[in-house]
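Here the structure comes first, spelled out in C-alpha cells, and everything after it is commentary.
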Amino acid sequence: MKLLNRFKTMTSLALAASILSTAVPAVAGETLRLSAIEPPQSTVVEFANEFAARVGRYSDKQLEVKVFPASQLGDWVEVHEQVMEGTIDLAIQPLSNTFNEVLALQWFPYAALDFESGRKAFSEGGVVFDIINQALADQDIQILGAFVSGMGGIVYTKPAPHPRDPDAEQGLKIRVWPGGTTHQALLDRLGYKTAPIPWSDLYTAMQTGVVDGAIGATPELTMNNFADIAKMWVQNNDHFEVSFIAVNKPRFDELPAAQRNALKKAAAELSAERFNVAEQEHQKFLQQMRDKGIEVVELSKEELERTAAAVRSDVWPQIEGEIGAENLARLKVALGIR
C-alpha cells in the first residue's frame with residue numbers, strides 16, 4: 001500500500017513537472033514584429049537586424065524581434081497608424097505628422113545645422129527627441145532610440161544654377177512630399193518652385209522631367225534610389241534625417257521587465273553607436289556619388305550659417321503653426337537663438 005501511494009505521488013510530481021516545463025516557454029517567449037521601409041541591403045535594415053539580434057541575446061532568447069524590410073507591412077504612414085493601434089509592435093522609420101502636426105519637428109528646416117548639433121537635439125534628452133516623445137504619448141507610441149541616416153539635401157536631374165546662394169532664383173521645380181509644408185515654405189524662400197509627389201511616383205516624375213529634383217533625401221537614399229538619373233547633389237543640411245525606433249506603448253508595458261530592459265538596452269546602445277559613425281557613413285555615400293559622376297556641392301560652414309539664418313528668420317515664422325509657438329520657443333532656447 002505504501003509502495004502504491006509512493007508511486008502515485010511520484011507520478012503526480014512528474015506530471016506537474018511536465019506541465020510546467022511545457023507551459024513556461026509559452027508564457028515567457030514573445031515575438032514582436034518590426035517594420036522598416038528601406039530595402040534589405042540598406043544600413044537602416046542592417047541596424048534593425050542587429051537590434052533584433054541584441055534583443056534576443058539580452059532577453060536570453062525570451063523575446064524575438066522579427067524584421068520586415070522594404071515596407072512589407074505598409075508604407076510609413078500606414079505603419080505609423082498600425083503602431084498606434086498595436087497591430088504592428090515596432091517600427092524603424094520617420095514618424096508621420098498626419099496624426100499630430102508637432103511631429104513635423106523631425107524635419108523642421110535647420111533645427112540642426114550639422115552632425116554635432118543634430119546629435120544634441122535628436123538623442124534622448126535632446127529638445128527634438130523630448131518634444132516628439134511627448135507628442136507621441138497621446139498616440140500610445142514611445143521612442144526607444146534613433147537611427148541617424150545623415151544630413152539632408154537636394155538631388156537634381158539637372159544642375160542648379162546657384163546652389164550656394166539662398167537669395168537667388170533657381171528656376172527649377174523640386175518635389176516635396178504630400179503634406180510637406182515645412183519644406184514647401186523652405187524651397188519657396190530658396191528660389192524654387194515645388195510640386196507635391198508621393199514617394200512611389202517620384203522616380204518616374206524625376207526621370208520624365210515632371211520635376212527637376214527632390215528634397216528630403218540623404219546621400220544614401222539617393223544612391224539607393226536615384227543614382228542612375230541624378231546629376232547633382234547639394235549638401236545644404238536642410239534637415240537631420242532620423243528614423244526613430246518606435247514601439248506601441250501598451251504592448252511594451254505589458255512585457256516582463258527583463259524583456260522591456262532588453263529592448264531599451266539594445267536601442268540605447270545601437271543609437272549611440274550609430275551617432276558615432278553617422279558622419280563617416282554620410283561621407284562614404286557622398287564619395288560614391290562622386291565616383292558615379294554625380295556633382296556634389298557641399299556648402300561651407302559660412303554658407304550653411306548664412307542659409308540657416310535666412311530660413312530661421314523668414315521661414316520659421318511661416319511654419320511655426322506646425323509645431324506650435326511653445327515648441328518653437330524651446331527649440332530656439334536649445335539652439336541659443338534669441
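Hydrogens, waters and symmetry mates are skipped; everything else that's a heavy atom, side chains included, is used. Throughout, residue positions are numbered sequentially from 1 according to the sequence presented.
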Q318 vs D188, side-chain contact (heavy atoms from CB on, under 4.5 Å): CA-CA, chis, key distance, verdict: CA-CA 11 Å; Q318 298 178 46; D188 288 346; 6.0 Å; no

Donor-acceptor contact present, side-chain D89 to main-chain R33, <3.5 Å: yes

Presence of salt bridge, R57 and E269, under 4.0 angstrom: no

Start with the C-alpha distance between L32 and L263, add both sets of side-chain angles, then the distance that settles side-chain contact (heavy atoms from CB on, under 4.5 Å), and finish with yes or no. CA-CA 11 Å; L32 303 179; L263 286 165; 4.0 Å; yes

Taking K332 first and then E320, would you say they form a salt bridge - that is, a charged N and a carboxylate O separated by under 4.0 Å? no

Apply salt bridge (charged side-chain N to carboxylate O under 4.0 Å, His left out) to the pair E50 and R54, showing each step before the final yes or no. CA-CA 6 Å; E50 180 59 24; R54 293 194 194 186; 2.7 Å; yes

On a heavy-atom basis, which atom in G216 and which in L221 lie closest, and how many Å separate them? O-CD2, 4.3 Å

Side-chain donor-acceptor pair under 3.5 Å between Q287 and D291, yes or no? yes

Does any non-hydrogen side-chain atom of P161 lie less than 4.5 Å from one of Q170? yes

Check whether any side-chain heavy atom of T194 sits under 4.5 Å from a side-chain heavy atom of H183, and report yes or no. no

R175 side chain vs I197 backbone, donor-acceptor pair below 3.5 Å: yes

I'd like to check the side-chain contact (heavy atoms from CB on, under 4.5 Å) partners of V333; sequence neighbours left out, ordered by chain and number. none

T43 and E281: side-chain hydrogen bond (donor to acceptor under 3.5 Å, both in side chains), yes or no, with the steps? CA-CA 9 Å; T43 53; E281 286 286 301; 5.2 Å; no

If I take atom CD1 from residue I154 and atom CG from residue D212, how far apart are they, to the nearest 0.5 angstrom? 11.5 Å

What distance do I174 atom CD1 and T157 atom OG1 have between them, rounded to the nearest 0.5 Å? 7.5 Å

Does any non-hydrogen side-chain atom of Q235 lie less than 4.5 Å from one of P219? yes

Applying the 4.5 Å side-chain criterion to the ILVMFWY set and letting contacts propagate, would L63 and F47 be lumped into a single cluster? yes

Quick one: which residue pairs count as a salt bridge (Lys or Arg N to Asp or Glu O under 4.0 Å) with a foot in residues 95-120, not counting sequence neighbours? none

Please state whether the rings of W177 and W107 are parallel, tilted or perpendicular, taking 30° and 60° as the class boundaries. perpendicular

Would you check if there is a donor-acceptor pair between the side chains of Q259 and N261 at a distance under 3.5 Å? no

Donor-acceptor pair, side chain of T87 and main chain of Q82, under 3.5 angstrom: yes

Would you say CD of E124 has more than 12 non-hydrogen atoms from neighbouring residues, nucleotides or ligands within 6.0 angstrom? no

Salt bridge or not between R306 and E303? Use side-chain N to carboxylate O under 4.0 Å. no

In terms of hydrophobic clustering (I, L, V, M, F, W, Y; side-chain heavy atoms under 4.5 Å; direct or indirect links), are I245 and F240 co-clustered? no

If we only count heavy atoms from C-beta on, is the D140 to M84 side-chain gap below 4.5 Å? no

CG of L105 to CZ of F129, rounded to nearest 0.5 Å, is 12.5 Å

For the pair T204 (side chain) and D201 (backbone), establish whether a donor and an acceptor sit closer than 3.5 Å, ignoring hydrogens and angles. no

With a 6.0 Å cut-off on the ring centroids, do W76 and F244 count as close? no

When you compare the side chain of H239 with that of L186, does any pair of heavy atoms fall below 4.5 Å? no

4.5 Å side-chain heavy-atom contact, L103 and I132: yes

From L270 CG over to L144 CG, what is the distance, rounded to the nearest 0.5 angstrom? 11.5 Å

For the residue pair L299 and V234, establish whether any side-chain heavy-atom pair is separated by less than 4.5 Å. yes

Does one side chain, of H80 or Q93, offer a donor that lies under 3.5 Å from an acceptor on the other? no

Checking D238 side chain against G153 main chain: does a donor-acceptor pair fall under 3.5 Å? yes

Audit row: Y203, N225, side-chain contact (heavy atoms from CB on, under 4.5 Å) steps and yes/no: CA-CA 8 Å; Y203 181 91; N225 295 276; 5.9 Å; no

Co-membership, hydrophobic cluster, residues V45 and L73, 4.5 Å side-chain: no

Find out whether F51 and L34 are in side-chain contact, i.e. whether some heavy atom of one side chain is under 4.5 Å from a heavy atom of the other. yes

In terms of hydrophobic clusters joined by side-chain contacts under 4.5 Å, are I337 and V128 together? yes

Grouping I, L, V, M, F, W and Y whenever their side-chain heavy atoms are under 4.5 Å apart, do V155 and L190 come out in a common cluster? no

Where is the tightest heavy-atom contact between N236 and Y110, given as atom of each residue plus distance? O-OH, 2.6 Å

Rounded to the nearest 0.5 angstrom, the OG1-CG distance for T307 and D167 is 8.5 Å

Please find the pair of heavy atoms, one from P94 and one from E241, that lie closest to each other, and give the distance. CG-OE2, 4.2 Å

If you compare all heavy atoms of A227 against all heavy atoms of M223, which two are closest, and at what distance to 0.1 Å? CB-O, 3.5 Å

Taking D60 for the side chain and Q62 for the main chain, is one N or O donor matched with an acceptor at less than 3.5 Å? no

Taking only residues at least two apart or on different chains, which pairs with a member in residues 280-317 satisfy ring pair (Phe, Tyr, Trp, His ring centres under 6.0 Å)? F108-W316, F115-H282

Quick one, L90 with V65, criterion side-chain contact (heavy atoms from CB on, under 4.5 Å). Give me CA distance, side-chain angles, the key distance, then yes/no. CA-CA 9 Å; L90 289 152; V65 174; 4.2 Å; yes

Between S313 (side chain only) and A309 (backbone N and O only), is there a donor and an acceptor less than 3.5 Å apart? no

If you compare all heavy atoms of L172 against all heavy atoms of P159, which two are closest, and at what distance to 0.1 Å? CD1-O, 3.9 Å

If you look at every heavy atom in A48 and V67, which pair is closest and at what distance? O-CG2, 3.7 Å

Distance from R312 atom CZ to E305 atom CD, nearest 0.5 Å? 9.0 Å

